[in-house]
Amino acid sequence: MFRKSLRVKIVTTFIIIVHISLFLSFGISLLITEREVTIEKPFLAIAQDVASLLAITEPERRDQVIDILSDYNIHGEMIQEENELPFSLTEEEAAPLFQSGISEPLFLNTEEGPVRFIGVPNIDNTGNSMILKVDFTGFLKVMHRILLIVLFSVLVIGSLLILLVSHYIVEPVKKLTSAAKEMAKGNLSFRLKHRRKDEIGELMDSFNHMASEIQKVDKMREDFVSNVSHEIQSPITSIRGFTRAIRDGVIPVEHQKEHLDIIYQETLRLSKLSDHLLRLASLDSENHPFHPVEYRLDEQLRRIILVTEPLWIKKNLDIELDLLACRVMVDRDLFEHVWQNLITNAIKYSGDNNRIVVQMENTGLAVLVHIMDTGRGIPKEDLPYVFDRFYMVDKARSRSGGGNGLGLSIVKKIIELHGCKIDVKSEEWKGTCFTVSIPL
Ligand code: ADP
């Protein structure tokens with residue numbers, strides 16, 4: 001549990017990264033300081049300065065100056081060619097100092113490093129030369145120590161800070177985890193409160209959005225189940241009631257036909273409901289068979305008007321067709337269902353002797369099909385919901401006409417599956433116009 005915690009992971013990762021970076025930077029700093037200290041320029045500059053200092057110092061006080069300089073790791077010895085060489089230098093190493101014509105300070109050993117020997121020729125203009133031993137080893141040690149202290153402080157302070165900061169990073173993750181657990185328990189109204197504007201804040205907003213979407217879907221599922229049960233229950237109740245009444249001889253023989261007729265209508269309603277539910281389930285599933293073919297849309301519309309003839313003849317409706325010869329590329333059977341539904345609705349919700357117009361329009365980008373009627377219309381407040389599942393403006397009237405409020409939702413689903421659009425405009429008691437737009 002402890003080893004798996006995100007906080008522990010963040011802190012250990014940080015400490016590992018800091019360790020690696022500190023080791024690397026320590027190595028790089030060592031290389032750089034050593035290189036800086038061993039280049040020849042500072043050594044020669046020191047030798048020049050010592051020479052200038054001794055030149056302006058009285059001969060009897062030079063030993064005193066040399067003594068003071070040794071406190072700064074600059075050791076000097078005045079020599080003449082015949083003297084013994086100091087600092088265990090070999091004659092070969094010291095030889096360049098005594099060559100004639102040399103006037104500038106020069107290195108006496110070729111080995112690079114923090115300790116160098118420099119010869120300063122003819123330092124007091126009386127034939128005395130000087131050999132200087134400049135030792136930067138102590139200086140380097142101090143530098144390394146300072147470097148180590150700085151890097152160690154970075155490690156300690158950084159680790160303490162990351163311990164504090166990790167709390168800030170891990171806390172919202174813990175909150176999200178407990179929110180997800182709440183939701184898993186079924187508490188869909190649980191929301192995360194925060195004031196963060198960063199990515200974690202965005203994640204929390206997405207979580208809240210997801211929760212409200214799930215809540216909506218859950219509500220829809222509940223409504224759907226209760227609607228389905230209601231739609232099944234009401235015809236079953238009337239079938240049961242009428243069959244029992246006929247069985248028990250409550251209904252006189254001369255009225256039995258009417259009641260059998262109702263039973264028959266109710267079975268039709270149940271069968272239509274199961275047909276619509278199956279169609280919706282199939283359209284909802286990802287793998288619905290979908291076969292677009294190219295065909296003449298006007299011919300399809302004309303045929304549906306012919307098929308529905310008995311319905312519109314019965315109401316003595318005036319049907320007007322304003323069609324264009326136009327080919328479309330959609331699933332023919334599914335669109336057959338769309339037109340059938342819209343046209344039978346137009347007939348169903350029209351009064352006797354009304355007019356229905358089926359009109360096609362080509363905008364260049366799409367073909368529009370308007371199905372207009374002069375029927376009872378849809379009240380403004382119901383208009384946004386007519387495509388919702390089981391929505392019926394007037395439940396009693398729709399049911400008596402064999403409706404179940406699924407027709408338009410199936411139509412909309414088919415239209416959306418094809419990437420097409422459907423719109424509705426309606427005015428109560430004036431009429432309704434459904435417009436389907438199919439991209440060309
Ligand atoms: P139903 O099976 O009840 O007809 P639909 O989904 O086809 O279900 O339609 C939903 C509701 O929209 C209907 O109950 C009806 O009130 C309204 N409606 C649909 N088409 C029309 C129309 N052409 N004129 C008036 N109302 C309509």
Side-chain angles (χ1 to χ4, degrees), residues 220 223-224 226-235 265-284 301 304-305 307-308 311-312 314-321 334-359 368-417 421-436:
M220 272 165 64
D223 290 351
F224 188 79
S226 87
N227 279 323
V228 170
S229 343
H230 186 259
E231 289 302 317
I232 292 174
Q233 200 54 46
S234 60
Q265 290 303 331
E266 293 295 60
T267 58
L268 285 186
R269 229 176 96 191
L270 273 176
S271 155
K272 186 173 167 193
L273 175 70
S274 99
D275 184 53
H276 276 180
L277 284 175
L278 277 175
R279 194 177 280 267
L280 259 184
S282 161
L283 287 167
D284 278 343
L301 287 166
I304 287 173
I305 293 294
V307 170
T308 53
L311 299 176
W312 50 265
K314 209 155 103 192
K315 283 190 163 182
N316 192 28
L317 299 176
D318 175 16
I319 306 282
E320 187 182 318
L321 296 181
L334 290 180
F335 265 75
E336 186 101 5
H337 186 85
V338 167
W339 311 128
Q340 178 107 33
N341 205 291
L342 294 176
I343 292 169
T344 46
N345 268 357
I347 299 170
K348 195 158 74 176
Y349 298 105
S350 284
D352 289 350
N353 309 317
N354 280 175
R355 199 158 76 106
I356 290 177
V357 181
V358 179
Q359 187 185 43
L368 307 183
V369 179
H370 308 285
I371 296 167
M372 295 172 266
D373 63 64
T374 51
R376 62 203 315 267
I378 303 168
K380 214 166 159 199
E381 60 275 17
D382 293 295
L383 213 50
Y385 310 108
V386 286
F387 295 107
D388 289 358
R389 291 175 186 190
F390 293 107
Y391 195 83
M392 292 174 256
V393 175
D394 180 343
K395 287 192 190 313
R397 188 179 272 267
S398 283
R399 284 208 185 96
S400 64
N404 51 35
L406 286 176
L408 285 182
S409 56
I410 294 175
V411 165
K412 177 133 191 190
K413 189 85 203 179
I414 295 174
I415 299 280
E416 280 172 352
L417 259 177
K421 263 174 48 186
I422 181 161
D423 268 323
V424 57
K425 287 195 183 81
S426 186
E427 227 177 298
E428 221 180 342
W429 304 115
K430 284 205 171 158
T432 308
C433 174
F434 281 93
T435 303
V436 176

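Order of appearance sets the numbers: ligands from 1, and atoms from 1 within every ligand. Keep in mind the model is a prediction, meaning the values are calculated, not measured.
Residues Trp339 and Val369 have side chains in contact (heavy-atom distance under 4.5 Å, counting atoms from C-beta outward).
Pairs engaging residues 272-281 under the side chain to side chain donor-acceptor pair (under 3.5 Å) rule: His276-Asn404 [sequence neighbours left out].
Residue-level contacts of ligand 1 at the 4.0 Å heavy-atom threshold are Asn341, Asn345, Ala346, Lys348, Tyr349, Asp373, Gly377, Ile378, Val386, Tyr391, Met392, Val393, Ser398, Gly403, Asn404, Gly405, Leu406, Gly407, Leu408, Thr432, Phe434.
Atom CG of Asp388 is separated from atom CZ of Phe224 by 12.5 Å, given to the nearest 0.5 angstrom. To the nearest 0.5 angstrom, Phe434 atom CZ is 6.0 Å from Leu342 atom CG.
Side chain of Asn227 to backbone of Phe390: no donor-acceptor contact under 3.5 angstrom is found. Between the side chain of Lys315 and the backbone N or O of Ile347, at least one donor-acceptor pair lies under 3.5 Å.
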